[in-house]
Each structure stands twice: as structure tokens, then as C-alpha cells.
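Count residues from 1 along the sequence.
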Amino acid sequence: MTDEMTPAGDHSPRRRRIDYAAELNAEQYAVVMHPGGPMLVLAGAGTGKTRTLVYRVARLIEDGVPPSNILLLTFTNKAARSMLDRVGQLLEGRAGKVMGGTFHSTGHRILRRYAERLGYSPRFSILDREDAVDLMGAALADLSPQLPKRRLPRPKTLVDLYSFVINTGRSLDDVILQRAPQYTGQEELIAPVFRKYLERKRNADLMDFDDLLINWLLLLTRHPDARRELARRFQHVLVDEYQDTNRLQADIIDAMLGGPRNLMVVGDDAQSIYAFRGADYANILGFPDRYPDCTVFRLETNYRSTPPILDLANASIAHNERQFPKNLRPVREGDEMPLDVSVPSPEAQAAFLADQVLELREAGIDLEEMAVLYRNHHHSLEVQVELTRRNIPFRVRSGLRFFEQRHVKDVLAHLRFIDNPRDEVAFARMLKLRRGFGDRLTARLWGRIASGDPLHALVAIDPAAANLPRIATKSLTTLQTLIEELSGPRFSGSPGEAIRRVVEAFYRQWAKDNLENAGSRLDDLEQLALFADGYSTINAFLAEITLLNELSGEDVAGGPPDEELTLSTIHQAKGLEWRVVFIIWLSEGRFPTARAEDIEEERRLFYVAVTRAKEWLYLVHPEIVRDRYRVDVLVDPSQFLLEIPGELMEHLSITSGIEEDELPSLEGATRYQLPDFLSGDGGNGGNDIN
């Protein structure tokens with residue numbers, strides 16, 4: 001392995017229309033002009049990796065590589081189109097035949113040509129996600145008569161497990177233990193379902209999205225003639241965001257290479273944050289081991305952030321042991337120090353953030369140039385509430401607004417029915433979550449109870465005499481028990497506990513069986529319960545959140561209606577940038593999350609968040625949080641803050657106490673006399689507290 005930071009050799013520009021030395025910095029130029037072979041480009045945040053890729057493709061074409069012999073793999077088709085459009089602009093349209101796109105779209109095009117080698121017709125169909133779930137359900141039904149009477153995962157969960165096994169190459173046992181531990185020990189029951197699913201796909205000439213990758217690898221490993229043809233065609237392979245590839249994708253890339261092994265992978269190990277999706281950090285870290293003769297380049301000149309922000313980012317990521325060391329160097333000027341903000345509570349955090357947003361906007365910074373970033377989506381709850389109250393418009397990149405999410409609305413439907421038993425919409429949503437109840441049966445049951453007091457009528461029904469299917473009868477019985485509990489005095493004055501009861505009695509298992517990312521959704525619901533703990537009745541709580549949903553933040557001080565503050569998880573913010581970034585909930589147990597298995601990945605996530613900021617960075621952490629027992633608990637600042645040298649941040653502590661000049665005088669108001677041994681002058685008088 002060699003490490004090259006400057007151009008090598010004579011790269012004469014006399015045949016080229018582009019002046020590469022003038023268009024690129026020295027680090028980028030070295031990458032673009034390198035002759036070939038295995039190349040690892042470690043591109044730090046904000047260092048122009050896309051520009052480097054674009055000019056590399058242009059240089060190859062200018063030096064005689066036919067565009068059709070170049071393969072550019074990216075993680076979105078939009079990114080590939082953007083890069084190739086830029087190449088086309090540089091070369092007056094000569095990049096049209098470069099094959100560029102995602103792994104899945106590229107695999108699709110290749111497999112169309114070679115489908116018959118794998119037993120498919122060239123006209124094979126592709127299953128979308130919903131179709132894959134349906135077919136997995138059919139495979140499960142095929143085997144159900146031979147399966148013991150034991151609860152198996154729903155088809156949607158089976159598709160998730162199947163996909164993770166395929167993409168990571170890990171054993172089914174390991175994947176179940178990590179992603180669905182409630183089904184541990186059922187591997188021998190699940191594996192036959194997967195085999196039947198594969199059989200049904202093959203018989204119907206179908207591929208799902210995972211097949212577009214696994215069949216691509218099978219083509220390369222089992223059909224040497226096809227591999228030779230592809231290696232001859234694609235003389236140069238370039239891969240963007242290499243740190244986000246999984247094991248299957250990395251093996252495909254390796255197998256695509258011909259003798260010269262002209263492979264350039266671009267990525268940043270410090271921004272590898274998608275292990276939960278199957279991304280394998282070892283791909284980029286182990287690249288020099290797989291290609292001992294590779295040349296390593298480092299792009300460290302940062303065009304995005306000011307020096308103080310980069311100093312903090314460099315100091316943080318230096319604590320990771322498993323990494324390629326690098327040091328981002330700024331081009332921009334600026335001396336605004338990152339601000340470490342300690343606030344007394346989550347509510348104070350939201351209030352501080354709203355105050356700062358309005359202050360910055362008054363200073364001329366548009367809302368579009370500001371973002372609030374957080375580790376988990378539910379960390380935005382109090383912020384969304386406060387912004388809505390202040391009429392500050394915002395968009396949520398991390399998903400729906402908190403109270404619009406399905407799992408939140410599912411659980412709240414139970415409380416809405418308790419609060420207003422005539423709410424037919426809440427009743428229908430609540431009932432159709434139960435097995436055996438569809439639209440028709442739900443409408444029939446509503447017609448039976450709606451004429452009087454629906455709540456008492458529902459509880460009073462004899463399920464055995466209701467002429468319901470057996471599954472629906474059982475579901476109704478458990479629902480009646482839950483509704484009777486929720487309508488009692490224990491829960492009517494405790495909306496947070498009512499939410500927890502719905503989750504424990506029913507929704508926890510339902511979410512695990514039916515929803516993706518069930519763990520994070522259940523975290524959302526606990527955060528919802530904590531928020532609800534602040535209200536004395538279910539009615540008051542529901543009234544508040546209903547009003548919040550109805551309020552619109554379109555007008556702020558006469559600003560345009562499309563001006564919005566961005567709220568996003570850090571995962572969703574990768575690749576983006578703003579002038580002002582607030583990172584909230586930087587408290588131990590929240591960020592890093594208490595369930596973190598890899599603290600170095602959590603620190604990389606913090607690094608990604610910090611490097612989104614261009615000029616102003618706020619690092620905010622509450623000192624006290626309330627647990628589910630309504631007890632105030634002190635929390636430490638995130639270890640990611642504590643390990644940064646204090647001189648790299650300014651520190652601000654927000655208090656919620658009364659200002660000193662607002663305090664009433666104590667003159668003559670106290671009668672207590674200090675004991676002599678506590679007096680300020682050692683007991684020689686002066687023991688009057690005034």
C-alpha cells in the first residue's frame with residue numbers, strides 16, 4: 001500500500017480541454033490524474049468528493065477510455081444522474097454511455113442481459129416491497145399445515161429477516177438474535193419458509209430487490225464467461241460512499257474487476273453510521289488488506305465549516321481507535337466558537353432553541369439555513385410542540401411530524417375513545433388493529449353499540465353471543481378488559497400511564513409483529529407517555545395535542561410560506577449542510593443512546609452532526625429529565641462533550657430561576673438566628689441572618 005498526496009508523473013494537458021490543475025486543489029488533482037489500479041480515496045466531510053469523482057470520470061474519457069467502459073456506482077440514482085450531468089457539461093455531452101446508478105439499478109440492467117444463465121427469462125418481473133410481503137405470506141401458508149402451533153413472525157418481519165441475511169451474509173441464527181430475539185429458537189421453522197419463498201419466486205419468474213444483488217454475485221462467481229465479459233466491458237469501476245456498502249455489495253465490486261483492477265472507492269470511515277441497515281464498516285477499513293497494492297489518498301481540505309467547528313470535529317473523532325486518521329483543514333474564515341448549552345429540562349431546551357431561532361432570524365439568517373439535529377426521532381417531541389406554539393414553521397426530514405405517525409395515532413385512538421366514546425373514527429382505528437376485525441365487521445359492531453353509551457355497550461357485550469368469528473371473539477374479549485381498565489379512575493387522571501398500559505397490554509407485541517423499526521417506535525411511545533405525564537387528565541392532554549396538530553406555522557413575521565426550519569435525525573441529515581446547526585439531547589443515555597453497541601459508531605454519528613454546520617454550532621443538553629415514575633433524574637452531559645477540550649467551546653448555562661433584580665427584599669422577613677459555629681465571623685456576633 002502506498003500513500004499519495006501529490007500528483008505523480010507527467011500528466012500533460014495538451015490533449016485535454018479541461019485545465020484540471022486550475023479546477024482542482026492538489027489533493028483532488030492527485031486523485032483525478034492517478035493512472036489506475038486499486039485506489040482508496042478517504043474524503044473527509046465537505047472536501048469535495050463529488051467534484052473529485054466528476055473530474056475523474058471526465059479525465060478518463062478525455063484520455064481515451066470509452067464512456068461505455070466506465071461504471072459509476074452510487075447510493076441514489078439522483079446522485080448518479082447529477083454526477084453524469086456534470087461530466088456531460090464538462091465534455092459537451094460525451095458522458096452519455098457511462099453506466100451510472102445504484103447497485104440495484106445496475107444489477108437489474110446486467111441481469112436482464114444474463115438472466116437465462118441463472119434460470120430466469122430476460123423478461124423477469126421485479127417484486128416491490130408490498131408484493132414481496134404478500135409472496136412471503138403465501139410461502140408461509142404453503143407450510144403452515146406442517147408447522148407446530150407456535151407463533152411465527154408475520155410475513156413483513158420475515159421479509160426483513162430474509163433481506164438482512166442476504167445483504168450481510170450472516171447466519172439466520174445471528175440475525176434473529178439481533179433483530180427479532182423473540183423468535184430465537186425458531187430458525188428450523190423459518191428457514192423452510194425462506195426456501196419456499198425462493199421456490200415461488202423462481203417458478204413465477206420473479207426477483208425481489210435483494211435478488212438483484214445476490215443473483216448478480218452468483219452470475220459473477222458461477223459463470224466465468226459472464227464475469228470475463230463484464231470485466232472486459234467495465235475497465236474502470238468507481239464507487240461513491242463506500243463506507244455504506246454491505247458485505248454483498250463489496251463482494252460484487254471485487255468480482256467485477258479485470259486484470260488491471262482499476263477500482264476507485266471513495267468514502268469516509270468517520271462517516272460510517274448505517275450498521276443498523278447492514279452496512280459493513282470493515283469494507284472500507286479493510287480495503288488496504290484486500291488490496292495491499294492500493295494507493296491511499298486523503299481529501300482533508302474542508303470548504304464547508306469554519307475553523308472552530310473543524311477543531312471540535314477533529315478533537316472528537318480522534319478518540320476513535322478504529323479509523324484512518326485524518327485532520328480536516330478549513331478554507332473558510334470565522335471565529336464563532338461552538339456553544340455548549342446546559343439547560344435545566346427538555347422543555348427549557350425547546351424554549352432556548354425557539355428563542356435562538358427567532359433571534360438568528362431577526363439577525364438576517366433565514367429559517368432555511370438552520371437545522372435541529374437529534375439522535376432519535378422522538379427527541380424532537382418537545383421541540384415540535386414549542387415551535388408550533390411559537391408559530392415557527394418547520395419540516396421534519398426524519399419522518400412525519402410526531403403526532404402524525406402511525407404508531408402514535410394507533411395508541412392515542414384508545415385514549416380518544418375513552419375520552420369521547422362517540423368518536424367512531426377512534427373506535428374503528430382501535431378495533432381494526434385487532435385480529436379478525438376488518439372494515440365490515442368493525443362497522444357492524446359500531447352499529448350495535450352506537451345508539452347508547454358506546455363505551456359501556458362495548459364492555460357489556462357477551463363476545464360468545466355476538467356471532468363473531470372465533471379469532472375476532474378472542475380479540476374482542478381482550479379489548480374489553482383493556483377498555484374497562486382505561487376507563488377506571490386509575491388512568492383517567494394519568495394519561496401517561498394510560499399510554500403505557502395500552503403499550504404493555506397490546507401494542508408492544510403488535511408493533512414487533514407488524515411494524516418496521518419496532519424498537520424505535522416503542523421508544524417514541526415512551527417519550528409520548530413522558531410528555532403526557534405533564535397533564536392532569538386524558539381530556540386536557542388530547543385537547544392540547546389536537547390543537548397543536550391544527551395550528552399552522554405558515555406565517556412568521558411576514559416571511560414567505562415556504563421558509564421552514566429543518567428538523568432531522570442525524571442519519572437523515574448526512575450529506576446536507578446549514579449555516580446554523582443545533583444538536584439537541586446531548587445527554588448521556590440519549591446521545592450516545594443507552595442501547596449503543598458500538599460507541600465508536602455513535603461518535604461517528606456525532607462527528608457527522610457537527611460537520612453539517614457551516615458557521616454556528618449549538619450543542620444542547622438538559623440537566624434533568626423526568627422518568628416514567630415522574631421522578632426528576634439528573635443526567636450527565638454526553639461523553640462526546642466531556643471528552644472535548646473545554647477551550648474549543650464556549651459554555652452557557654440556562655437557568656429557570658428568578659432574575660436577581662426580581663427577587664423581593666428579605667429585610668426584616670426572617671427570624672431565624674444562625675448558630676454561633678455557623679456565623680460568618682466565627683461566633684463573635686453577626687448571627688442575624690439578615
Side-chain angles (χ1 to χ4, degrees), residues 150-154 156-157 180-183 378 403 405-421 423 425-438 441-442 445-446 449 453-464 466 468-533 535 537-539 541-542 545 627-630:
R150 188 176 180 185
R151 184 172 63 89
L152 281 172
R154 295 286 182 88
K156 192 172 184 178
T157 303
Q182 66 270 34
Y183 300 112
H378 63 260
F403 295 109
Q405 297 176 102
R406 175 190 177 157
H407 51 291
V408 172
K409 295 176 75 172
D410 284 347
V411 171
L412 290 182
H414 295 73
L415 275 66
R416 287 172 53 198
F417 181 71
I418 295 298
D419 183 57
N420 175 17
D423 187 339
V425 175
F427 171 81
R429 186 179 193 106
M430 176 182 70
L431 197 64
K432 284 191 287 187
L433 291 170
R434 270 71 187 176
R435 294 186 65 192
F437 283 96
L441 198 55
T442 298
L445 190 60
W446 177 253
I449 68 174
D453 181 340
L455 192 152
H456 288 97
L458 176 65
V459 173
I461 290 175
D462 180 1
L468 299 173
R470 182 175 58 85
I471 294 177
T473 299
K474 184 177 179 181
S475 296
L476 178 59
T477 301
T478 57
L479 175 60
Q480 287 175 308
T481 302
L482 177 59
I483 292 299
E484 194 167 15
E485 282 187 71
L486 294 176
S487 60
R490 175 186 171 193
F491 294 107
S492 61
S494 303
E497 287 305 309
I499 290 168
R500 294 184 182 98
R501 182 59 190 146
V502 174
V503 172
E504 290 305 318
F506 167 70
Y507 203 76
R508 180 179 301 280
Q509 191 57 56
W510 190 92
K512 289 180 178 179
D513 290 343
N514 294 278
L515 300 179
E516 296 179 13
N517 303 321
S520 64
R521 292 174 189 258
L522 293 170
D523 287 343
D524 287 350
L525 294 173
E526 176 55 28
Q527 194 67 31
L528 176 67
L530 288 169
F531 180 71
D533 284 336
Y535 295 83
T537 66
I538 288 177
N539 179 268
F541 167 65
L542 292 175
I545 64 173
D627 67 14
R628 63 171 297 175
Y629 304 107
R630 305 189 188 187

Fill in: Separation of D524 CG from F403 CZ (nearest 0.5 Å)
11.0 Å
Worksheet item: Does some side-chain heavy atom of D453 sit less than 4.5 Å from a side-chain heavy atom of P421?
Response: yes
Fill in: Pairwise distance CZ(R521) to CG(L528) - rounded to 0.5 angstrom
14.0 Å
Worksheet entry | Student check: side-chain heavy atoms of I538 and L486 closer than 4.5 Å | no
Practice prompt. For residues A511 and A518, report the shortest heavy-atom separation together with the two atoms involved.
Written response: O-CB, 3.6 Å
Practice prompt. Taking the side chain as every heavy atom from C-beta outward, state whether F506 and D410 have any pair of such atoms under 4.5 Å apart.
Written response: no
Discussion item. Let me confirm one number: the CG-CG distance from N517 to L522, rounded to the nearest 0.5 Å.
Written reply: 11.0 Å
Item to complete: Might you point out which heavy atoms bring Q509 and Y183 nearest each other, and give the distance in Å?
Response: NE2-OH, 4.4 Å
Worksheet item: Would you call D423 and R429 a salt bridge, using N to O less than 4.0 angstrom?
Response: no
Discussion item. Can you confirm whether E526 sits close enough to R500 that some side-chain heavy atom of one is under 4.5 Å from a side-chain heavy atom of the other?
Written reply: yes
Worksheet item: What's the shortest heavy-atom distance between L542 and L415, and which atoms?
Response: CD1-O, 3.7 Å
Worksheet, complete the sentence: In short, A532 meets P495 closest at the heavy-atom pair O-CG, 3.3 Å
Worksheet entry | Salt bridge present between E497 and R501 (N-O < 4.0 angstrom) | no
Item to complete: Evaluate whether atom NZ of K156 has more than 12 neighbouring non-hydrogen atoms of other residues, nucleotides or ligands under 6.0 angstrom away.
Response: yes
Practice prompt. Specify the closest pair of heavy atoms between S475 and F437, including all atoms of both residues, with the distance to one decimal.
Written response: CB-CE1, 4.1 Å
Worksheet entry | Nearest atoms (heavy-atom pairs only) where A457 meets I449 | CB-CB, 3.7 Å
Worksheet entry | NZ-OG1 distance between K432 and T442, expressed to the nearest 0.5 angstrom | 6.0 Å
Fill in: F541 and L412, any side-chain heavy atoms less than 4.5 Å apart
yes
Worksheet item: Does N514 reach the main-chain N or O of W510 with its side chain, forming a donor-acceptor pair under 3.5 Å?
Response: yes
Discussion item. How long is the straight-line distance from CD of Q480 back to CD of E485, given to the nearest 0.5 Å?
Written reply: 13.0 Å
Fill in: Sole candidate of H407, R508, H414 that passes side chain to side chain contact (heavy atoms under 4.5 Å, CB included) when paired with V503
R508
Worksheet item: Testing N420, L458, L455 for side chain to side chain contact (heavy atoms under 4.5 Å, CB included) with F427, which one passes?
Response: L458
Discussion item. Measuring from atom CE of M430 to atom CD1 of I483, what distance do you get when rounded to the nearest 0.5 angstrom?
Written reply: 4.0 Å
Worksheet item: So, do P469 and L441 sit near enough that their side-chain heavy atoms are less than 4.5 Å apart?
Response: yes
Item to complete: Assess whether side-chain contact (heavy atoms from CB on, under 4.5 Å) is satisfied between F417 and L431, documenting all intermediate values.
Response: CA-CA 11 Å; F417 181 71; L431 197 64; over 6 Å; no
